[in-house]
Peer 1: 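Please find one structure pasted underneath; my questions will follow.
Each chain gets a letter, A, B and so on, in the order its sequence line appears, and its residues count up from 1.
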2 protein chains.
Amino acid sequence: MMDTQDKFCVTNWLYKVGLRPTQQRIELANLLVGNNSHQHITAERLFEKAKEAKISVSLATVYNTLHTFSEAGLLNKVIVDGARCYFDTRLDNHSHFYWEDTGQLTDTPGNFLEIKNLPEPPINSEITSVDIIIRLKEKN
Amino acid sequence: MMDTQDKFCVTNWLYKVGLRPTQQRIELANLLVGNNSHQHITAERLFEKAKEAKISVSLATVYNTLHTFSEAGLLNKVIVDGARCYFDTRLDNHSHFYWEDTGQLTDTPGNFLEIKNLPEPPINSEITSVDIIIRLKEKN
DNA sequence: GTATATGCAAACCGTTTGCATGGCT
DNA sequence: AGCCATGCAAACGGTTTGCATATAC
């Protein structure tokens with residue numbers, strides 16, 4: 001029953017942006033936003049979680065789905081590391097801590113960081129995003 | 001003669017951080033900082049430039065050298081794109097424009113961008129850098 | 001002489017792609 | 001019925017690695 005509610009919820013979440021609510025999308029969406037908490041996840045990690053949850057989905061579809069979702073504006077892509085690529089379920093503008101030792105990405109606490117004197121975009125260009133990454137390392 | 005001066009200069013630049021001034025390092029260093037102007041360059045691009053300049057160096061050494069230089073504090077590594085990795089010859093804290101259409105990385109004009117209310121680093125961690133990337137796309 | 005840098009080619013790894021199959025409307 | 005999503009496996013591309021050779025001190 002809770003399950004049905006969840007599925008209904010993400011189905012709408014998909015419909016709103018014109019995406020077909022296929023089985024894989026619904027189940028991945030539930031893993032991503034089903035519990036109403038925010039997360040920063042990589043494709044590989046989501047694939048693992050899907051396997052743990054006995055969801056039948058291929059790695060290619062996980063990649064496809066994450067990109068489709070982020071192009072549709074349901075997720076934000078965050079690039080902090082040359083290797084991996086993170087997807088953020090929080091959509092508002094906010095900055096991140098990147099833990100270089102563990103590879104974890106978290107939101108910065110509070111939301112009061114602000115930028116003064118943001119430069120104007122050069123002519124014939126527009127700003128798509130302003131990404132702020134605060135890189136952390138363990139203090140010894 | 002100008003050439004000798006340049007080589008002497010980068011030799012010192014290397015010595016100061018305890019790096020052996022080998023032929024490849026000297027020549028790559030000249031390509032990087034020899035002309036006193038700042039640049040944002042990828043390993044592949046530097047390798048191309050080296051070939052153009054008839055410098056005998058392997059791609060592996062270009063990668064090695066760029067990492068060695070950045071670990072020694074002679075260059076800054078900038079991550080903006082999941083694929084490539086950029087190295088910045090400017091060492092002070094500054095923000096970047098990233099042109100998504102062309103893959104170019106440039107400094108933002110002026111230097112008056114400032115951050116208010118930077119969050120405190122969590123306990124047992126310290127900030128290694130605060131990276132600000134302003135992503136741009138062409139306006140149609 | 002010894003430690004370190006270099007070159008080469010092969011391995012690596014996250015990601016993407018092509019194409020045949022399956023599912024949604 | 002038709003379009004779109006999925007799965008598989010192979011390709012991709014920037015980067016890294018292992019090891020033999022060459023170079024700096």
Peer 1: End-to-end bend of the helix from dG1(C)-dC25(D) to dT25(C)-dA1(D) (five-pair axes, 10° rounding)?
Peer 2: 30°
Peer 1: When you measure from the side-chain N and O atoms of Arg20(B) to the phosphate of dT23(D), is any distance below 4.0 Å, counting only OP1 and OP2?
Peer 2: no
Peer 1: Report the distance from atom CG of Asn64(B) to atom C1' of dG18(D), rounded to the nearest whole Å.
Peer 2: 12 Å
Peer 1: Using a 3.5 Å distance criterion without hydrogens, assess whether the side chain of Arg135(B) forms a donor-acceptor pair with backbone atoms of Val80(B).
Peer 2: yes
Peer 1: Does Arg45(A) come within less than 4.0 Å of Glu48(A), counting only side-chain N to carboxylate O?
Peer 2: yes
Peer 1: Can you tell me which nucleotide in dG14(C), dG14(D), dA24(D) comes closest to the side chain of Pro21(B)?
Peer 2: dA24(D)
Peer 1: Using a strict cut-off of less than 4.0 Å between a Lys/Arg side-chain nitrogen and an Asp/Glu carboxylate oxygen, indicate whether Asp107(B) and Arg90(B) qualify as a salt bridge.
Peer 2: yes
Peer 1: Can you tell me the distance, in whole Å, between the CD atom of Glu48(B) and the P atom of dG14(D)?
Peer 2: 10 Å
Peer 1: Round to a whole Å and report the spacing from CG of Leu66(B) to P of dA5(C).
Peer 2: 15 Å
Peer 1: Rounded to whole angstrom units, what separation is found between the CG atom of Leu14(B) and the C1' atom of dT6(C)?
Peer 2: 15 Å
Peer 1: Considering heavy-atom distances to DNA chain D, does Tyr15(B) or Tyr63(B) have its closest nucleotide positioned more toward the 5' end?
Peer 2: Tyr63(B)
Peer 1: Looking at Thr22(B), does any N or O in its side chain come under 4.0 Å of the phosphate oxygens OP1/OP2 on dT6(C)?
Peer 2: yes
Peer 1: Given dG7(C), is OP1 or OP2 found less than 4.0 Å from the side-chain N or O atoms of Thr61(B)?
Peer 2: yes
Peer 1: Reckon Ala60(A) touches a base, only the sugar-phosphate, or nothing at all at heavy-atom distances under 4.0 Å?
Peer 2: base
Peer 1: Taking CD from Glu27(B) and P from dT6(C), how many angstroms apart are they, rounded to a whole number?
Peer 2: 11 Å
Peer 1: Just how far, in rounded Å, is P of dA24(D) from CZ of Arg25(B)?
Peer 2: 11 Å
Peer 1: Could you tell me whether Arg84(A) contacts a base, only the sugar-phosphate backbone, or nothing, with contacts defined as non-hydrogen atoms closer than 4.0 Å?
Peer 2: sugar-phosphate
Peer 1: Answer yes or no: is there a side-chain heavy-atom contact under 4.5 Å between Tyr63(B) and Glu44(B)?
Peer 2: yes
Peer 1: Between His67(B) and Val57(A), which residue's closest nucleotide on DNA chain D lies nearer the 5′ terminus?
Peer 2: Val57(A)
Peer 1: Less than 4.0 angstrom between a side-chain N/O of Gln24(B) and OP1 or OP2 of dG7(C), yes or no?
Peer 2: yes
Peer 1: Over how many whole Å does the gap from Leu46(A) atom CG to dG14(C) atom P extend?
Peer 2: 15 Å
Peer 1: Using whole Å, report how far CG of Leu59(A) lies from C1' of dC13(C).
Peer 2: 11 Å
Peer 1: Kindly indicate whether the side chain of Phe87(A), heavy atoms from C-beta on, has any atom under 4.5 Å from the side chain of Val78(A).
Peer 2: no
Peer 1: Can you confirm whether Ile133(B) sits close enough to Ile79(B) that some side-chain heavy atom of one is under 4.5 Å from a side-chain heavy atom of the other?
Peer 2: no
Peer 1: In terms of relative ring orientation, are His94(A) and His40(A) parallel, tilted or perpendicular, with 30° and 60° separating the classes?
Peer 2: tilted
